[in-house]
Structure formats: structure tokens, C-alpha cells
Amino acid sequence: MVQAYILIQTEVGKAADVAGQIASITGVTQAEDVTGPYDVIVRAEARNVDELGKLVVAQIQAVRGITRTLTCPIVHI
């Protein structure tokens, strides 16, 4: 299992709507609108890195109002 935080920038005023839409996507375990340089922080999981990439590109980035994403896979050292 691969887990990651996905940091999202949105159009002005769209953070709550984007977080709500993303929260319903399979593989997303948490989606919160926040303040700071990013507008939404998502925690997601997938079976492997390829599936995580598909989740981000095909489903999360398809949500209207997103301008940029940064995917940060969780590592256990």
C-alpha cells in the first residue's frame, strides 16, 4: 500500500468546493481545506505508485477549480 499527501492550489474561493468533491473519490482518505500556500491537503492511498499516479492525474486533477498539485508519497525510514 502506498500513501501520499497531495497539496493542492485552487482558484480563489474554490477550496471548500474542491475539498468536498475530492473527499468522495475512492482512494482518498481525507480532504481538508486549509490556509497557507496550499488551499487543500488530501491524504490518499493506492496499491502501488502507478495506481497512485492514476488517481492523481485521472481523478483528482480532473476536479474543476484546481490549478496545481504536488504529490508527496509517505515513506517509512
Side-chain angles (χ1 to χ4, degrees):
M1 182 70 61
V2 176
Q3 297 176 325
Y5 287 101
I6 303 156
L7 311 177
I8 299 172
Q9 292 178 335
T10 69
E11 295 172 2
V12 174
K14 300 287 185 178
D17 184 49
V18 166
Q21 290 182 59
I22 291 173
S24 66
I25 295 173
T26 301
V28 171
T29 59
Q30 192 171 13
E32 301 285 344
D33 46 319
V34 297
T35 60
Y38 293 94
D39 303 304
V40 177
I41 297 179
V42 173
R43 185 166 177 150
E45 60 185 20
R47 286 188 293 182
N48 56 51
V49 174
D50 289 337
E51 286 192 13
L52 178 64
K54 290 176 187 174
L55 171 66
V56 173
V57 173
Q59 295 184 56
I60 293 174
Q61 288 182 351
V63 172
R64 223 181 170 129
I66 292 177
T67 58
R68 177 177 290 171
T69 64
L70 174 65
T71 303
C72 304
I74 297 171
V75 296
H76 300 283
I77 301 173

- prompt: Other hydrophobic cluster members with V18, side-chain heavy atoms of Ile/Leu/Val/Met/Phe/Trp/Tyr under 4.5 Å, chained?
  reply: V2, I6, I8, I22, I25, V28, V40, V42, V49, L52, L55, V56, I60, V63, I66
Flag, side chain of D33 to backbone of A15, donor-acceptor distance under 3.5 Å: no
- request: Would you list the pairs meeting side chain to side chain donor-acceptor pair (under 3.5 Å) in which at least one residue belongs to residues 11-25, sequence neighbours left out?
  value: D17-Q21
- request: Please report the shortest heavy-atom distance between P37 and Q9, naming the atom on each side.
  value: O-NE2, 3.1 Å
- line: Applying side-chain contact (heavy atoms from CB on, under 4.5 Å) to T26 and not counting sequence neighbours gives none
- prompt: Residues two or more places apart in sequence or in another chain: which of them pass side-chain hydrogen bond (donor to acceptor under 3.5 Å, both in side chains) with R47?
  reply: E51
task: Looking only at non-hydrogen atoms, find the nearest pair between A19 and A31 and report the distance.
output: O-CB, 3.6 Å
- prompt: Which side chain to side chain donor-acceptor pair (under 3.5 Å) pairs, counting each pair once, include a residue from residues 57-68, with sequence neighbours left out?
  reply: Q61-T69
field: Short side-chain to backbone donor-acceptor contact, E45 and M1, under 3.5 Å
entry: no
query: Roughly how far, to the nearest 0.5 Å, is the CD1 atom of I41 from the OH atom of Y5?
result: 9.0 Å
- prompt: side-chain contact (heavy atoms from CB on, under 4.5 Å) with L70: which residues, sequence neighbours excluded?
  reply: L7, Y38, C72
field: Least distance between heavy atoms, A4 atom then P73 atom
entry: CB-CA, 3.7 Å
- request: Hydrophobic side-chain clustering at under 4.5 Å (ILVMFWY, transitive links): who's grouped with I77? Put none if nobody.
  value: V75
